[in-house]
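One structure is given here, and the rest of the page talks about it.
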There are 2 protein chains.
Amino acid sequence: MYSKELLKGTLKTIILKLLSENGRMYGYQITQKVKEITEGKINLTEGALYPALHKLEADGLLMTEKEVVGNRVRKYYKLTQTGNSKATEMVDELKQFIETLKAIMNVAPQNLSWSV
Amino acid sequence: MYSKELLKGTLKTIILKLLSENGRMYGYQITQKVKEITEGKINLTEGALYPALHKLEADGLLMTEKEVVGNRVRKYYKLTQTGNSKATEMVDELKQFIETLKAIMNVAPQNLSWSV
DNA sequence: AATGTATACATAATTTTCTTATGTATATAA
DNA sequence: TTATATACATAAGAAAATTATGTATACATT
């Protein structure tokens with residue numbers, strides 16, 4: 001498990017990315033999918049996930065469908081049209097940010113600018 | 001410029017990494033160095049940087065040296081021994097986290113598990 | 001002389017976004 | 001009946017940023 005604070009700022013992008021691939025998903029399914037893909041290294045907590053989903057819905061990026069499975073109500077989320085383009089945008093930005101971060105993390109140790 | 005929220009959670013690691021390479025740096029220099037390495041894509045604000053530096057010092061990861069340059073006092077930060085090992089640790093964790101994020105961002109579109 | 005920009009530090013108010021804890025409820029296995 | 005898994009939700013609190021502001025020096029431009 002990673003230090004929790006690394007996840008900050010990336011949660012919404014992760015949600016949008018998963019929905020853009022899977023069409024529709026419900027909350028618990030998202031937590032399980034993330035656990036699966038990351039081999040348990042990222043564990044989405046409900047206290048982070050549900051408020052994020054509600055925020056994305058309130059912002060018009062997601063829409064919901066309720067479905068009764070067994071004796072329970074599941075709430076499926078899927079991207080709206082706006083959400084779809086926003087997903088592409090945010091995923092692209094995150095990918096670029098990742099490259100930028102790598103640039104920082106891999107700068108050569110010591111300043112070699114004086115060497116010939 | 002990236003959406004600001006992406007930086008969340010990575011600032012301290014960036015600071016520690018830069019200090020582990022450059023020996024010692026002062027605040028303003030750190031902002032300029034980040035701007036340079038990232039080609040302006042990441043812009044550290046003072047409101048984020050200085051509190052982070054103070055926190056790292058309070059936690060014993062950084063120590064300071066004041067130096068008068070011209071007519072101004074510069075405050076140089078450098079890693080303590082604890083800070084040094086912590087830097088390595090946090091950089092490693094961030095690198096792994098980056099790989100995990102990439103795994104999420106690059107999962108194949110659509111679920112192909114039914115295909116032979 | 002005044003204005004703007006760069007350098008250099010700092011902090012306060014506010015907002016965002018998490019963590020942690022808690023609550024409700026069904027289903028199943030031990 | 002107890003624990004675990006499934007499934008949702010929210011409230012209290014903490015952490016970490018943004019935005020705004022303040023101080024001060026130095027230099028270039030108007």
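Keep in mind that what you see is a predicted model, and the values were worked out from it rather than measured. Order of the sequence lines fixes the chain letters, A, B, ..., with proteins taken first and strands second; residue numbering starts at 1 for each chain. Only this structure's heavy atoms are used, side chains among them; waters, hydrogens and symmetry mates stay out.
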Rounded to the nearest angstrom, tell me the gap between atom [atom1] in [X] and atom [atom2] in [N].
X	N	atom1	atom2	answer
A/R74	D/dC8	CZ	P	8 Å
A/L53	D/dC8	CG	P	9 Å
B/L62	C/dC9	CG	P	13 Å
A/Y76	D/dA7	OH	P	8 Å
A/E46	D/dT4	CD	C1'	14 Å
B/L49	C/dT11	CG	P	12 Å
A/D59	C/dT17	CG	P	9 Å
A/L44	D/dC8	CG	P	13 Å

> Is the shortest distance from a Lys or Arg side-chain nitrogen in A/R24 or A/E67 to a carboxylate oxygen in the other one below 4.0 Å?
Replying inline: yes
> Do B/E99 and A/K41 sit within salt-bridge range, that is, some charged N less than 4.0 Å from a carboxylate O?
Replying inline: no
Closer than 4.0 Å, any side-chain N/O of [X] to the OP1 or OP2 of [N]?
X	N	answer
B/K12	D/dA15	no
B/H54	C/dT11	yes
B/Y50	C/dT11	no
A/Y26	D/dC8	no
A/K55	C/dT16	no
B/K66	C/dC9	no

>> Students often get this wrong, so: under 4.0 angstrom with heavy atoms, is A/G27 touching a base, only sugar-phosphate, or nothing?
In response: sugar-phosphate
> Counting any heavy atom closer than 4.0 Å, what does A/Q29 reach on the DNA or RNA strands: base, sugar-phosphate only, or nothing?
Replying inline: nothing
>> If you assign each of A/P51 and A/Q32 to its closest nucleotide in DNA chain D, which residue comes earlier from the 5' end?
In response: A/Q32
Interatomic distance, [X] atom [atom1] to [Y] atom [atom2] [nearest 0.5 angstrom]:
X	Y	atom1	atom2	answer
B/L53	B/L61	CG	CG	11.5 Å
A/K102	A/I98	NZ	CD1	8.5 Å
A/Y50	A/L44	OH	CG	10.5 Å

Could you list, one pair per line, each protein nitrogen or oxygen that sits under 3.5 Å from a nitrogen or oxygen of nucleotides 27-30 of chain C, together with the distance?
residue: C/dA27; atom: OP1; partner: A/N71; partner atom: ND2; Å: 3.1
residue: C/dA27; atom: O4'; partner: A/R72; partner atom: NH2; Å: 3.4

>> Measuring from the side chain of A/T45 (C-beta onward, heavy atoms only), which nucleotide among D/dT18, C/dT20, D/dA16 has the closest atom?
In response: C/dT20
> Partners of A/D92 by side-chain contact (heavy atoms from CB on, under 4.5 Å), sequence neighbours excluded?
Replying inline: A/T88
> Can you name the closest pair of heavy atoms from A/K17 and B/N106 and give their distance?
Replying inline: CE-N, 4.4 Å
>> Name the residue from B/R74, B/K75, B/K78 that meets the salt bridge (charged side-chain N to carboxylate O under 4.0 Å, His left out) definition with B/E65.
In response: B/K78
> Closest nucleotide of DNA chain C for B/Y77 versus for A/G47: which of these residues is on the 5' side?
Replying inline: B/Y77
